[in-house]
Amino acid sequence: QKIYTFSESEKARRDASKALKRFIDTVVRVRDPQLAALLYDAFSTIKPKPVKIERLPTLDEVKAVFKEAERISPMAAALWGLLAETGARFDHLYYAPIEGLQLDRRRLILGLSNKTKRQPLVFLSQCAAKYIEERLLPAREEHLRKYGGNKDTLFPVTEGIMYTWL
């Protein structure tokens, strides 16, 4: 009635029960079909737990977070907005070169042209391109003038500061 394994993990018990059912179905059924039917129906395989699907935030929640990020810094709001709008990974935005920003084409090339043949890029909406042009770039220049930082990246702050913003 119960499958015993050396491991207490559910995956090990599930794999053992599947293997035992296969053994009964292929080996025991050939030698004794009646016994195989009894053994096969004596236990059931352990079903995997359903995968928990995270709830996506609503548009109002995203807007509220954007407004809160705007209070911190225009760079924080731009970071959050790019993450939310494009689905880009954090590290891609962190290492995004400033020369990859093409506002006339409304896109941001996230990879470096000499490092890899594939260049991940994201397309920007009109609102995002306008926000970057009017708010992010002046805030970026002011930050570079006051504190310095990496002039080659879109966000000239450390990774720790970006995580603090988020």
Side-chain angles (χ1 to χ4, degrees), residues 3-19 44-166:
I3 302 293
Y4 292 98
T5 61
F6 291 110
S7 174
E8 288 298 318
S9 76
E10 186 175 317
K11 183 182 182 315
R13 289 196 308 266
R14 184 173 53 245
D15 292 345
S17 65
K18 284 181 183 177
S44 60
T45 56
I46 299 167
K47 303 291 182 203
K49 291 181 180 175
V51 177
K52 184 179 178 182
I53 297 174
E54 296 294 328
R55 182 187 68 82
L56 293 175
T58 64
L59 187 58
D60 293 333
E61 291 171 338
V62 172
K63 287 179 181 178
V65 172
F66 184 80
K67 286 180 183 177
E68 187 66 30
E70 178 71 30
R71 284 189 226 158
I72 297 170
S73 164
M75 288 194 289
L79 173 65
W80 169 254
L82 287 173
L83 286 172
E85 182 178 284
T86 64
R89 291 179 20 190
F90 174 83
D91 60 334
H92 280 167
L93 289 176
Y94 178 67
Y95 294 112
I98 188 67
E99 69 259 6
L101 182 62
Q102 299 173 351
L103 291 175
D104 56 335
R105 294 182 173 178
R106 291 191 356 230
R107 67 181 185 182
L108 173 62
I109 299 174
L110 300 172
L112 300 173
S113 59
N114 58 357
K115 295 275 183 176
T116 150
K117 292 182 180 177
R118 292 186 296 158
Q119 291 183 328
L121 67 99
V122 292
F123 295 99
L124 306 171
S125 66
Q126 287 179 341
C127 293
K130 183 178 176 184
Y131 187 85
I132 289 173
E133 185 175 7
E134 294 176 0
R135 300 281 290 144
L136 172 65
L137 293 180
R140 181 183 179 279
E141 293 302 320
E142 182 181 338
H143 180 84
L144 284 173
R145 191 175 61 252
K146 283 184 179 178
Y147 307 109
N150 190 354
K151 296 177 183 178
D152 297 332
T153 60
L154 181 62
F155 296 99
V157 295
T158 64
E159 190 174 2
I161 290 174
M162 288 179 82
Y163 275 120
T164 303
W165 289 345
L166 293 177

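Here the shortest heavy-atom pairing between Ala69 and Ala76 reads O-CB, 3.8 Å. Heavy-atom minimum distance, Asn150 versus Pro156: O-CB, 3.3 Å. Residues Thr164 and Gly160 come closest through the heavy atom pair OG1-O, 2.8 Å. The two residues Pro57 and Glu61 come nearest to each other via the heavy atoms CA-OE1, 3.1 Å. The shortest non-hydrogen separation linking Leu79 to Trp165 is CD2-CE3, 4.1 Å. Contact detail for Tyr94 and Met162: the closest heavy-atom pair is CD1-SD, 3.0 Å.
Heavy atoms of other residues, nucleotides or ligands lying less than 6.0 angstrom from CD of Gln126 number 12 at most.
Within the 4.5 Å cutoff, no side-chain heavy atoms of Ile98 are placed close to those of Lys151. No side-chain heavy atom of Ile132 sits less than 4.5 Å from a side-chain heavy atom of Leu108. Side-chain contact between Met75 and Leu136 is present, with at least one heavy-atom pair separated by less than 4.5 Å. Here the side chains of Lys11 and Asp15 are in contact, with some heavy-atom distance below 4.5 Å. Taking 4.5 Å as the limit, every side-chain heavy atom of Leu93 sits out of range of all side-chain heavy atoms of Val122.
Among residue pairs with one or both ends in residues 82-93, those qualifying as side chain to side chain donor-acceptor pair (under 3.5 Å) are Glu85-Ser125, Arg89-Asp91; sequence neighbours excluded.
Checked against ring pair (Phe, Tyr, Trp, His ring centres under 6.0 Å), Phe90 has the following partners two or more places apart in sequence or in another chain: Tyr163. For His143, the ring pair (Phe, Tyr, Trp, His ring centres under 6.0 Å) partners are Tyr147, not counting sequence neighbours.
Residues Glu70 and Lys67 are not paired through a salt bridge, judged by the lack of any N-O separation under 4.0 Å between the basic side chain and the carboxylate.
One finds the CD1 atom of Ile72 at 11.5 Å from the CH2 atom of Trp80 (value rounded to the nearest 0.5 Å).
Arg140 places a side-chain N or O within donor-acceptor distance of the main-chain N or O of Thr153, the cut-off being under 3.5 Å.
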